[in-house]
Amino acid sequence: GENVEQHPSTLSVQEGDSAVIKCTYSDSASNYFPWYKQELGKGPQLIIDIRSNVGEKKDQRIAVTLNKTAKHFSLHITETQPEDSAVYFCAAIYNYGQNFVFGPGTRLSVLP
Amino acid sequence: KAGVTQTPRYLIKTRGQQVTLSCSPISGHRSVSWYQQTPGQGLQFLFEYFSETQRNKGNFPGRFSGRQFSNSRSEMNVSTLELGDSALYLCASSPTVTGGYEQYFGPGTRLTVT
């Protein structure tokens, strides 16, 4: 069935280091892959997304790469800062764009 | 532009009661989706409404229902509450542009069932 796996479940990095979170999906028909950041007590915030016709997208310190053949995509955060500490979720659109399936989340801690 | 708003933010109910949650999407957005978030199950899709019609539904029992009004505001209702319904309920709205899948979430309603 529809499934999105996400690794690691927790990640601790030193301030200034890079962080990478990886997701795999099962439906080859998926064509949209967003990443969300959720801080304590808040709803998920869309931080970057990528469509299937693009292999990589970058926005300042954040980048996402997509490998459609292997059915996986990754979030890269460079020069991490303490305010990057949060739970990050990946997602994939299934069912011809009618609903999202989310990964289980990665708790990122950036240590000062 | 104002973001997605949800009311109430916190709610405590007793088993067997029913509850109604409200969501106002971003101005101009006509699609509203609802999600349940729990520590054990993560973010799970409940249903999506577009132009007052339910377009898609997740794998939840019939106790969970929703509706959308002509101004795109949406409500979800949970009847005969169970302890396991305790969760953060999130609403997300999407723009109507062709191919636009971006979803923007509200802050959620924290429901506690005792």
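In what follows, every heavy atom counts, from backbone to side chain, and hydrogens, waters and symmetry copies are set aside. Treat the numbers as computed from the prediction; the structure is a model and nothing was measured. Proteins come first, then strands; the chains are lettered A, B, ... in the order of their sequence lines, and each starts at number 1.
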Is the CG atom of A/L40 crowded by more than 12 outside heavy atoms at less than 6.0 Å?
-> no

Same hydrophobic cluster for B/W34 and B/I26, using side-chain heavy-atom links shorter than 4.5 Å among ILVMFWY?
-> no

A/Q60, CD: over 12 other non-hydrogen atoms inside 6.0 angstrom = no

Non-hydrogen side-chain atoms of B/L88 and A/Q38 separated by less than 4.5 Å = yes

Within one Ile-Leu-Val-Met-Phe-Trp-Tyr cluster: A/V13 and A/V20, side-chain cutoff 4.5 Å = no

When A/P44, A/G103, A/G105, A/G43 are compared by non-hydrogen pairs under 4.5 Å with chain B, the top option = A/P44

Please answer: with hydrophobic residues joined when any side-chain heavy atoms are less than 4.5 Å apart, are A/F73 and A/L108 in the same cluster?
-> yes

Flag yes if more than 12 heavy atoms outside B/R63 fall under 6.0 Å of its CZ atom; otherwise flag no.
-> yes

Would you say the side chain of B/F45 lies within less than 4.5 Å of the side chain of A/V101, judging by non-hydrogen atoms?
-> no

At a heavy-atom separation under 4.5 Å, does B/R9 approach chain A through its side chain, its backbone, both, or neither?
-> side chain

Please check if atom CD1 in B/I12 has more than 12 non-hydrogen atoms from other residues, nucleotides or ligands closer than 6.0 Å.
-> no

So, do A/K42 and B/F105 sit near enough that their side-chain heavy atoms are less than 4.5 Å apart?
-> no

Take atom CG of A/N53 as the centre, draw a 6.0 Å sphere, and report whether it contains more than 12 heavy atoms from other residues, nucleotides or ligands.
-> yes

Given the options B/P107, B/C91, B/G42, B/A92, which has more heavy-atom pairs under 4.5 Å with chain A than any of the others?
-> B/P107

Would you mind reporting whether B/Y104 and A/Q45 have side-chain heavy atoms less than 4.5 Å apart?
-> no

Rounded to the nearest 0.5 Å, what's the gap from CG on B/L90 to OH on A/Y36? Could you check?
-> 11.0 Å

CD of B/Q103 to CG of A/D49, rounded to nearest 0.5 Å, is 11.5 Å

Distance, nearest 0.5 Å, that separates CD of B/E102 from CG of A/L46 = 7.0 Å

How many angstroms lie between atom CZ of A/F100 and atom OH of B/Y35, to the nearest 0.5 angstrom?
-> 5.5 Å

